[in-house]
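The structure under discussion appears below in the form of structure tokens.
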Amino acid sequence: MKISARNVFNGTVSALKEGSVNAEVDIVLGGGDKLAAVVTLESARSLELAAGKPVVAVIKAPWVLLMTDSSGYRLSARNILTSTVKSIETGAVNAEVTLALPGGTEITSMVTKEAVAELGLKPGASASAVIKASNVILGVPA
């Protein structure tokens with residue numbers, strides 16, 4: 001499968017919590033990094049999601065917010081992934097920032113050049129990727 005999203009991760013469902021409308025899916029990525037997704041209950045059943053099932057998680061780079069200092073802030077986003085800036089590719093307006101998670105998974109964010117400067121992002125700096133669980137799209141091998 002070819003896809004335009006920058007972030008495509010292979011993982012395994014570690015837990016599934018069904019609600020009346022949605023299901024929360026906990027996923028373990030390579031190296032032990034973790035991700036949470038929320039999908040409709042209908043999608044969870046259609047994909048036959050269950051603990052131990054392999055999944056593919058897809059997140060478009062513009063959906064990945066970056067944060068450098070979370071002290072004093074609590075967020076509703078389920079995924080706050082503390083990491084290290086690996087690289088920054090700067091364009092005319094935006095920058096593509098790639099982060100390395102502790103387990104080795106890399107995640108890419110698309111932010112403005114101004115955000116890179118305001119956050120003091122540079123290779124080796126600490127930063128967190130913030131992703132709403134509802135922005136994680138799940139698929140399963142056919």
Side-chain angles (χ1 to χ4, degrees), residues 1-91 94-142:
M1 166 178 77
K2 291 185 178 183
I3 191 165
S4 65
R6 296 283 303 156
N7 301 297
V8 180
F9 306 114
N10 291 310
T12 303
V13 174
S14 61
L16 177 71
K17 298 173 208 148
E18 291 186 355
S20 59
V21 176
N22 291 327
E24 182 177 67
V25 185
D26 293 331
I27 303 157
V28 176
L29 305 175
D33 296 316
K34 296 179 182 177
L35 194 61
V38 171
V39 297
T40 64
L41 190 55
E42 182 179 337
S43 291
R45 291 179 177 161
S46 172
L47 296 172
E48 300 176 352
L49 298 178
K53 180 146 187 164
V55 293
V56 175
V58 178
I59 308 164
K60 291 186 62 66
W63 297 347
V64 179
L65 306 178
L66 298 179
M67 176 172 64
T68 55
D69 181 10
S70 63
S71 60
Y73 292 98
R74 293 180 3 169
L75 303 173
S76 63
R78 289 293 319 254
N79 299 294
I80 301 174
L81 310 170
T82 302
S83 53
T84 303
V85 176
K86 179 179 178 187
S87 64
I88 301 172
E89 287 292 325
T90 305
N94 290 329
E96 182 179 89
V97 180
T98 301
L99 305 176
L101 300 179
T105 301
E106 293 182 2
I107 188 161
T108 300
S109 175
M110 187 67 66
V111 297
T112 63
K113 290 185 346 182
E114 288 79 11
V116 170
E118 289 172 6
L119 293 172
L121 298 175
K122 61 184 177 191
S126 179
S128 294
V130 179
I131 308 155
K132 290 181 58 76
S134 57
N135 283 346
V136 179
I137 299 169
L138 297 181
V140 295

So which heavy atom on [X] is nearest to which on [Y], and how close?
{"X": "Val58", "Y": "Ile3", "answer": "CG1-CD1, 3.9 Å"}
{"X": "Ser4", "Y": "Lys60", "answer": "OG-NZ, 4.2 Å"}
{"X": "Lys17", "Y": "Asp26", "answer": "NZ-OD2, 3.5 Å"}

Next item on the list: For Glu42, look at atom CD and say whether over 12 heavy atoms of other residues, nucleotides or ligands are found less than 6.0 Å away.
Entry: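 It does not: Glu42 CD has 12 such atoms or fewer within range.
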Margin query: With a sphere of 6.0 Å drawn around NZ of Lys132, does it hold more than 12 non-hydrogen atoms of other residues, nucleotides or ligands?
Written below: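 Counting neighbours around NZ of Lys132, 12 or fewer heavy atoms of other residues, nucleotides or ligands fall under 6.0 Å, so no.
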Within this structure, what is the [atom1]-[atom2] distance for the pair [X] and [Y], rounded to the nearest 0.5 Å?
{"X": "Leu119", "Y": "Leu66", "atom1": "CG", "atom2": "CG", "answer": "7.0 Å"}
{"X": "Asn79", "Y": "Asn135", "atom1": "CG", "atom2": "CG", "answer": "9.5 Å"}
{"X": "Leu35", "Y": "Ile27", "atom1": "CG", "atom2": "CD1", "answer": "5.0 Å"}
{"X": "Glu89", "Y": "Asn94", "atom1": "CD", "atom2": "CG", "answer": "13.0 Å"}
{"X": "Ile88", "Y": "Lys113", "atom1": "CD1", "atom2": "NZ", "answer": "12.5 Å"}
{"X": "Leu47", "Y": "Lys53", "atom1": "CG", "atom2": "NZ", "answer": "7.5 Å"}

Could you tell me whether the side chain of [Y] reaches within less than 4.5 Å of the side chain of [X], counting heavy atoms only?
{"X": "Val64", "Y": "Thr108", "value": "no"}
{"X": "Asp33", "Y": "Leu81", "value": "no"}
{"X": "Ile80", "Y": "Leu75", "value": "yes"}
{"X": "Leu41", "Y": "Glu18", "value": "yes"}
{"X": "Arg6", "Y": "Met110", "value": "no"}
{"X": "Leu138", "Y": "Val13", "value": "no"}
{"X": "Glu106", "Y": "Ser83", "value": "no"}
{"X": "Val136", "Y": "Arg78", "value": "no"}

Check: Is a side-chain N or O of Ser126 found less than 3.5 angstrom from the main chain of Thr82, in a donor-acceptor match?
Finding: no
Check: Short question: side chain of Lys34, backbone of Ser14 - any donor-acceptor pair under 3.5 Å?
Finding: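 Not at all, since once roles are kept as given, no pair shorter than 3.5 Å links the two residues.
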Note to self: Go through it in stages, so that I can follow the logic: the residues are Phe9 and Ile107, the test is side-chain contact (heavy atoms from CB on, under 4.5 Å), and I'd like the CA-CA distance, side-chain angles, deciding distance and then a yes or no.
What the structure shows: CA-CA 9 Å; Phe9 306 114; Ile107 188 161; 3.9 Å; yes
Item checked: Given Asn22, Leu16, Val25, the one that forms side chain to side chain contact (heavy atoms under 4.5 Å, CB included) with Val39 -> Val25
